[in-house]
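Below, chain A is the first sequence line, B the second, and so on; all start at residue 1. Computed from heavy atoms alone, side chains included, the values below leave out hydrogens, waters and symmetry copies.
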Amino acid sequence: MRLSRSLVPTIKEIPSEAQIASHRLMLRAGLVRQTSAGIYAWLPLGLRVLRNIERIVRQEQDAAGAQEMLMPTVQPAELWRQSGRYEDYGREMLRITDRHDREMLYGPTNEEMITDIMRQSVKSYRELPQILYHIQWKFRDEVRPRFGVMRGREFLMKDAYSFDLDRAGAVVSYRRMMLAYMRTFQRLGLRAIPMVADTGPIGGDLSHEFIVLAPTGESQVFYDAAFDDIDYLGGEFEHGSAENLDRFFSLMTTNYAATDEKHDAATWDRVEPARRREGRGIEVGHIFYFGTKYSKSMGLSVTGADGKPVIPEMGSYGVGVSRLVGAVIEAGHDEAGIIWPDSIAPYRAAILNLKPGDAACDRMCETAYVGLAGDAILDDRPERAGVKFAEADLIGLPWQIIVGPRGAANGAVELKRRATGERVEMPLSKAIRACT
RNA sequence: CGGAGCGUAGCGCAGUCUGGUAGCGCAUCAGUCUGGGGGACUGAGGGUCGUGGGUUCAAAUCCCGCCGCUCCGACCA
């Protein structure tokens with residue numbers, strides 16, 4: 001993108017309404033704008049990050065054997081009456097009446113809807129197990145939205161639903177999703193830890209929340225440092241083998257990890273002192289096994305091998321995609337701005353033309369822009385160098401190719417790594433290769 | 001939902017107590033200088049003072065209602 005023709009409304013001052021780093025930086029770097037309390041418009045740069053996170057989430061869901069679909073945001077109240085949650089959910093649910101006086105709602109989650117779809121479509125035990133997911137906007141009318149996209153009312157969530165014939169199968173699905181989540185978070189450059197959780201209004205008896213460590217997190221967490229050394233991407237764990245998943249799951253659950261609500265001082269004291277880690281955490285995902293809660297209340301059953309009805313065992317698995325944008329920034333920033341992980345940065349590099357109008361600078365910047373196949377922000381604005389440096393650091397792309405008249409005369413640019421601040425002078429072609 | 005605040009130029013704010021010409025900084029636009037870490041100077045444009053009513057000769061300012069937003073607490077991907 002050419003910055004001179006793009007909507008990237010950066011802000012120099014700190015917005016007064018933003019209390020935490022990620023919120024301030026998202027506003028300052030021009031990623032989002034608030035349109036109502038807890039409701040945000042995603043500007044071009046922010047949307048690219050959101051899409052990149054979605055892509056990783058999608059790849060890992062697919063790898064775990066889940067199928068993508070898309071359910072609507074607006075749902076009929078009738079479905080929620082069947083499960084009994086229409087009244088239970090309370091004021092957090094945004095209720096809508098259409099022109100025919102039909103009661104509708106803006107979905108806060110989709111258990112009822114997916115169960116309805118499955119009961120219409122799945123008739124035989126041969127058709128299970130299945131896991132379905134979608135990435136869709138949700139609305140929960142939070143009493144007090146805050147912290148920008150971390151705690152908005154409208155948010156983008158990936159929610160998956162598993163259907164198995166028995167508890168043993170459901171447990172395999174649950175573990176698969178847990179592995180998918182750990183892989184997803186690692187790819188996002190986040191250290192996330194699964195912690196035993198309350199099941200809340202969704203119900204059930206097996207539930208974990210995934211907590212990302214960040215100093216501005218909302219809850220206090222305690223965990224065993226053993227989690228820090230686990231590599232989920234290296235091939236040690238796989239979705240295909242129940243035995244392997246079993247080993248994975250016991251690794252996740254035997255090491256101590258708890259939020260302050262579930263913290264057990266006695267068990268904590270048995271963790272080797274050198275391995276005790278304590279800090280603040282942000283919940284970025286939550287998974288539940290809830291048995292037949294919805295299948296039973298809503299009449300989902302399939303015919304079993306013996307000709308008798310079987311009520312499927314279900315689970316649901318949510319990850320806050322839009323919240324992750326905030327979480328990634330909480331985990332990666334400094335005084336100057338955001339430091340994006342390579343995996344989700346809106347663009348790979350910023351090309352800073354320190355002297356637009358200078359033939360050599362212009363030519364080298366164009367070469368760099370083409371060389372990066374447009375996966376870069378070309379700062380071609382007639383601004384001073386200082387402004388460009390400051391905004392490039394604020395936006396936080398992984399690389400900066402700095403093209404100034406000094407080096408341009410003999411074909412050299414500076415390549416700066418945002419994360420470390422390290423700057424090295426080198427030929428343009430080498431800099432381009434380093435970024436790709 | 002309990003408690004507390006705030007709505008004045010794109011952003012951040014002063015002015016409100018004590019009614020009488022709507023202001024400052026940043027940003028924007030034009031020009032000059034400058035030119036490797038948010039530069040300087042000169043000039044210009046930009047306002048239904050959240051909204052509806054009331055009091056008054058006169059309301060950003062006083063009174064009442066409404067709306068919006070923020071913060072603290074209890075709750076959540």
Side-chain angles (χ1 to χ4, degrees), chain A residues 9-20 23 27-28 30 33-39 53 57 89-93 107-110 135-160 181 185 192 197-202 207-212 218-219 259 261 281-288 316-327 335-337 352-358 361 379 381-395 400 402-408 413-414 416 421 423 425:
Chain A
T10 55
I11 303 171
K12 196 156 70 171
E13 295 94 14
I14 296 171
S16 63
E17 76 270 21
Q19 298 301 303
I20 62 168
H23 189 195
L27 292 168
R28 289 192 56 214
R33 283 295 181 265
Q34 178 169 304
T35 61
S36 304
I39 303 180
I53 293 177
V57 168
Y89 219 91
R91 306 293 87 76
E92 276 203 3
M93 183 146 71
T109 176
N110 285 66
I135 299 174
Q136 177 64 290
W137 292 93
K138 304 290 189 291
F139 195 93
R140 292 183 192 171
D141 201 355
E142 296 276 348
V143 216
R144 182 148 119 75
R146 65 186 121 168
F147 304 142
V149 301
M150 300 275 287
R151 180 84 180 273
R153 292 194 293 172
E154 186 182 61
F155 56 96
L156 187 61
M157 180 162 96
K158 184 289 299 178
D159 41 322
Y181 277 28
F185 297 133
D198 282 323
T199 51
I202 294 185
S207 174
H208 285 84
E209 54 188 20
F210 296 79
I211 305 283
V212 162
E218 291 191 67
S219 49
T259 59
E261 302 101 50
I282 303 162
E283 182 182 354
V284 291
H286 204 149
I287 61 178
F288 304 86
S316 81
Y317 315 89
V319 57
V321 176
S322 48
R323 173 177 281 190
L324 276 168
V325 179
E335 310 72 40
L352 307 191
N353 189 343
L354 297 190
K355 193 168 186 184
D358 177 280
C361 287
D379 193 346
R381 300 170 305 164
E383 293 286 350
R384 298 173 60 85
V387 173
K388 297 189 178 190
F389 287 132
E391 291 195 5
D393 285 349
L394 174 61
I395 291 168
Q400 293 171 21
I402 299 164
V403 183
R406 243 163 34 193
V413 300
E414 278 174 272
K416 172 176 162 177
R423 293 161 71 137
E425 187 166 303

task = Round to a whole Å and report the spacing from CZ of A:R33 to C1' of B:G10.
result =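 Between C1' of B:G10 and CZ of A:R33: 10 Å.
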query = Roughly, in whole Å, what's the span from CD in A:E92 to P in B:C1?
reply =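 Nearest whole value for this atom pair: 13 Å.
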Where the side chain of [X] is defined as all heavy atoms beyond and including C-beta, which of [options] is the nearest nucleotide?
X: A:K416; options: B:A74, B:G37, B:A77; result: B:G37
X: A:E142; options: B:G36, B:A77, B:G73; result: B:A77
X: A:A37; options: B:G38, B:G36, B:U70; result: B:U70

Scan [X] against the nucleic acid and name what it touches under 4.0 Å (heavy atoms): base, sugar-phosphate only, or nothing.
X: A:V321; answer: nothing
X: A:D159; answer: nothing
X: A:L352; answer: nothing

ask   = Would one find a side-chain N or O of A:R144 under 4.0 angstrom from OP1 or OP2 of B:C71?
value =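 It does, given that an N or O in the side chain of A:R144 lies less than 4.0 Å from OP1 or OP2 of B:C71.
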A:Q19 side chain near B:C72 phosphate (N/O to OP1/OP2, under 4.0 Å) =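 No, outside the criterion.
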query = To the nearest 0.5 Å, how far apart are NZ in A:K138 and NZ in A:K158?
reply =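 It comes to 9.5 Å.
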inquiry  = What I'd like to find out is whether the side chain of A:I20 reaches to under 4.5 Å of the side chain of A:M150, using heavy atoms alone.
reply    =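 Yes, at least one pair of side-chain atoms sits under 4.5 Å.
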With both distances kept under 3.5 Å, what pairs with [N], Watson-Crick or G-U wobble?
N: B:U55; result: none
N: B:C17; result: none
N: B:G7; result: B:C67
N: B:A44; result: B:U28
N: B:G2; result: B:C72
N: B:G38; result: none

key: Polar side-chain contact A:R384-B:G39 base: donor and acceptor under 3.5 Å   =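 Result: at least one qualifying N/O pair found.
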key: Under 3.5 Å: donor-acceptor pair, side chain of A:S207, backbone of A:F288   =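 Not a single qualifying donor-acceptor pair exists.
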ask   = Are the side chain of A:Y181 and the backbone of A:I287 linked by a donor-acceptor contact shorter than 3.5 Å?
value =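 No, the answer is negative, given that no donor and acceptor are paired below the 3.5 Å cut-off.
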inquiry  = Ring of A:F389, cation from A:R423 - is the NZ or CZ under 6.0 Å from the centre and inside 45° of the axis?
reply    =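 Judged by the rule (NZ or CZ under 6.0 Å from the ring centre, within 45° of its axis), A:R423 counts as positioned above A:F389.
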Output side-chain donor-acceptor pairs under 3.5 Å for residues 142-149 of chain A, partner residues at least two apart or in another chain, one line each.
| from | atom 1 | to | atom 2 | distance (Å) |
| --- | --- | --- | --- | --- |
| A:E142 | OE1 | A:R151 | NE | 3.2 |
| A:E142 | OE1 | A:R151 | NH2 | 3.2 |

query = In the 5'-to-3' direction, what one-character label does each nucleotide of nucleotides 24-30 of chain B receive under the scheme B = base within less than 4.0 Å of a protein heavy atom, S = sugar-phosphate only, - = no such atom?
reply = --SS---
request  = State whether A:K416 and A:D393 are salt-bridged, where the test is any N-O pair (Lys NZ or Arg NE/NH1/NH2 against Asp/Glu carboxylate O) under 4.0 Å.
outcome  =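 Salt bridge present between A:K416 and A:D393.
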Is_stacked (A:F155, B:A77) at 5.5 Å, 30 deg =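 Answer is yes, a stack.
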